[in-house]
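What follows is one structure encoded as structure tokens, with my remarks underneath.
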Amino acid sequence: MDIIKAPRGVRDILPDEAWKWAYVLETSRKVAGFFGYNEIHLPLFEHTELFSRGIGDSTDVVEKEMYTFLDRAGRSLTLRPELTASMVRCYLEHGMSKKVQPVKLWSAGPMFRYERPQKGRYRQFWQLDVEALGSEAPEVDLEIIAFAIYLFNALGLSNLEVVINSVGCPVCRPGYRDALKRYVGSNFDALCNTCQNRFERNPLRILDCKNERCREIMKDAPGIADYLCDECSEHFKRVKEGMTILGINYKEDKNLVRGLDYYTKTAFEVLSGELGAQNAVCGGGRYDNLAETIGGPHVPGVGFAAGIERIVLTMEGQGCDFGQQPGIDVFIVTADDLAKNKALKLLYDLRHEQISVDMDYTGKSIGSQLKTASNREAKLACILGGVEIEKGVVTVKDLRKGSQSEVANDSLIDYVKANLAG
RNA sequence: GUGAGCGUAGCUCAAUAGGUUAGAGCACUGGACUGUGGCUCCAGGGGUUGGGGGUUCAAGUCCCCUCGCUCACCCCA
């Protein structure tokens, strides 16, 4: 029988990589603390309707990328493809509008999308998600963008491009949509097939088509900036002012449109050259109508999601520092069977002192055990045998220097601590 | 979902133009060194050449199917 392998598009994060993830997540947790965001854990699956209504029925994510299934009671459930809808659902369900606004939350975990796997794109992938709910203030948009930038700086990333745009709101977007259609209509035949399809369904998406000719045509397309209502225009202006005050470099890209229906006003992405076609390391924006779409009252919100795989890939590509790879400090070597019980006791005594220590249980030769100690990159080896037991000592070998000395049992812990510190 | 390239040991890769028993480095285990690692030398274990079918006297190599990986489109994080 064949060995069962992992399904397509998913992968194991092995220890060699997992410690890097831990670094990214720990750094995120710290930044969240500085920015006053609280961690939250949300379910991996929700009612399908949450996503189909929240994200939008005609979006690619909902139309063809969701893992949807019926549970044993016949309910239609879906593995979450993103976190924003769940965040809003959670806010509504727990009456968070009664708390101080905005409610600032963050979470990290796996998302699921049935897509063709590619570099930096998997069917199960991790996102860091940061959301601020319950405030219209443009300063909150600014804070969300600044959070992302602050995090990426803390991780040592460079050469990132920040692009922002305003996608308007239900008041002004229809007018822009019409203007865009009037412009595109005169060039309709020159558009690629997909864009011709988009013309009726979602003309805004023609703006970020990658096709050469479409790009050429859209270069002179009307920008939404000229069609924003006063409120959206003021809001956008204020966000940009804030960016300048904080010294965040950005590019205004009038062609930036986001694929999910719920975005209003501010939309932004952070791009990395390290990722090939999947160049967005982070994306987000404001979604003032999402809460109503899923049946709640009006709750404005703004947030972003960043892909952990893509962050790690970019960091590796740029040679960023991930901190210290976890390893062992001390390895205990038993020279003979007489020492086994003493060694066991020592093993746990050191662990109780919060020293990372390990030993070999297989009874290999002393040479092999030291080899293992080297392999594990232990700093010290504690050698125990009949000789040591008789004298009431432990032979401590410094594997970095090659020197060793006999240390009395009762001063061993202090000796080990002193030598690890040094 | 569409297109292209690629699947050989745990990893990185060899293997004339179809031709014997599919090799090497790293890693692993052991020995030289019987209580001292890294360096060196030696030895050992480990493969249904992703899976299935076909062509052939003969297939890792050619053909088909399938699974997977990679890249691009699409979309996005």
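If you measure from atom CG of A/Leu313 to atom C1' of B/C71, you get 14 Å, rounded to the nearest angstrom. Between A/Arg376 atom CZ and B/C28 atom P the separation is 12 Å, expressed in whole Å. Between the CD atom of A/Glu131 and the P atom of B/A77 there is a distance of 11 Å, given to the nearest Å. Nucleotide B/A77 holds its P atom 10 Å from the CD atom of A/Glu65, rounded to whole Å.
No donor-acceptor pair closer than 3.5 Å links the side chain of A/Ser76 to the backbone N or O of A/Thr48.
Among residues two or more places apart in sequence or in another chain, the ring-ring contact (aromatic ring centres under 6.0 Å, His included) test is passed with A/Tyr176 by A/Tyr227. Under the rule for a side chain to side chain donor-acceptor pair (under 3.5 Å), the partners of A/Thr84 that lie at least two apart in sequence or sit in another chain are A/Glu131, A/Tyr262. Shown here are the salt bridge (charged side-chain N to carboxylate O under 4.0 Å, His left out) partners of A/Arg8, two or more places apart in sequence or in another chain: there are none. Here A/Val167 pairs with A/Arg173, A/Tyr263, A/Ala267 under the side-chain contact (heavy atoms from CB on, under 4.5 Å) rule; sequence neighbours left out. Considering only residues two or more places apart in sequence or on other chains, A/Pro300 meets the side-chain contact (heavy atoms from CB on, under 4.5 Å) condition with A/Glu136, A/Arg286, A/Asp288, A/His298. The side chain to side chain donor-acceptor pair (under 3.5 Å) search around A/Thr244 returns none, not counting sequence neighbours. Listed by chain and number, the residues in a side chain to side chain donor-acceptor pair (under 3.5 Å) with A/Lys254 amount to none (sequence neighbours excluded).
Of the residues in residues 30-54 of chain A, none has a non-hydrogen atom less than 4.0 angstrom from any atom of RNA chain B. Non-hydrogen atoms lying under 4.0 Å from RNA chain B are contributed by A/Arg113, A/Glu115, A/Arg116, A/Gln118, A/Lys119, A/Gly120, A/Arg121, A/Tyr122, all within residues 103-122 of chain A. Near RNA chain B, meaning a heavy atom under 4.0 Å from it, residues 7-23 of chain A has A/Arg8, A/Gly9 in order of number.
Using P as the reference atom, B/C65 and B/U21 are 31 Å apart when rounded to the nearest Å.
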Could you write out RNA chain B as a dot-bracket string, with dots for unpaired bases, | for bases paired across to another strand, and Watson-Crick or G-U pairs counted at under 3.5 Å? (((((((..((((.....[...)))).(((((.......))))).....(((((..]....))))))))))))....

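Using a 4.0 Å cut-off between a side-chain N of Lys or Arg and a carboxylate O of Asp or Glu, A/Asp178 and A/Arg182 do not qualify as a salt bridge. For the pair A/Glu82 and A/Arg113, the salt-bridge criterion is not met [side-chain N within less than 4.0 Å of a carboxylate O].
Side-chain nitrogen and oxygen atoms of A/Lys364 include at least one within less than 4.0 Å of the OP1 or OP2 phosphate oxygen of B/U29.
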Do any N or O atoms of the protein come closer than 3.5 Å to N or O atoms of nucleotides 37-40 of chain B, and which pairs are they?
from  : atom 1 : to       : atom 2 : distance (Å)
B/G37 : O2'    : A/Ser374 : OG     : 3.3
B/G37 : N7     : A/Lys397 : NZ     : 3.0
B/G37 : N1     : A/Leu399 : O      : 2.7
B/G37 : N2     : A/Ser374 : OG     : 3.3
B/G37 : N2     : A/Leu399 : O      : 2.8
B/G37 : N3     : A/Ser374 : OG     : 2.6
B/G38 : N2     : A/Leu399 : O      : 3.4

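Screening A/Val333, A/Val396, A/Thr334 for a side chain to side chain contact (heavy atoms under 4.5 Å, CB included) with A/Ile383, the sole residue that qualifies is A/Val333.
For A/Glu63 against B/G1, no side-chain N or O and base N or O form a donor-acceptor pair under 3.5 Å.
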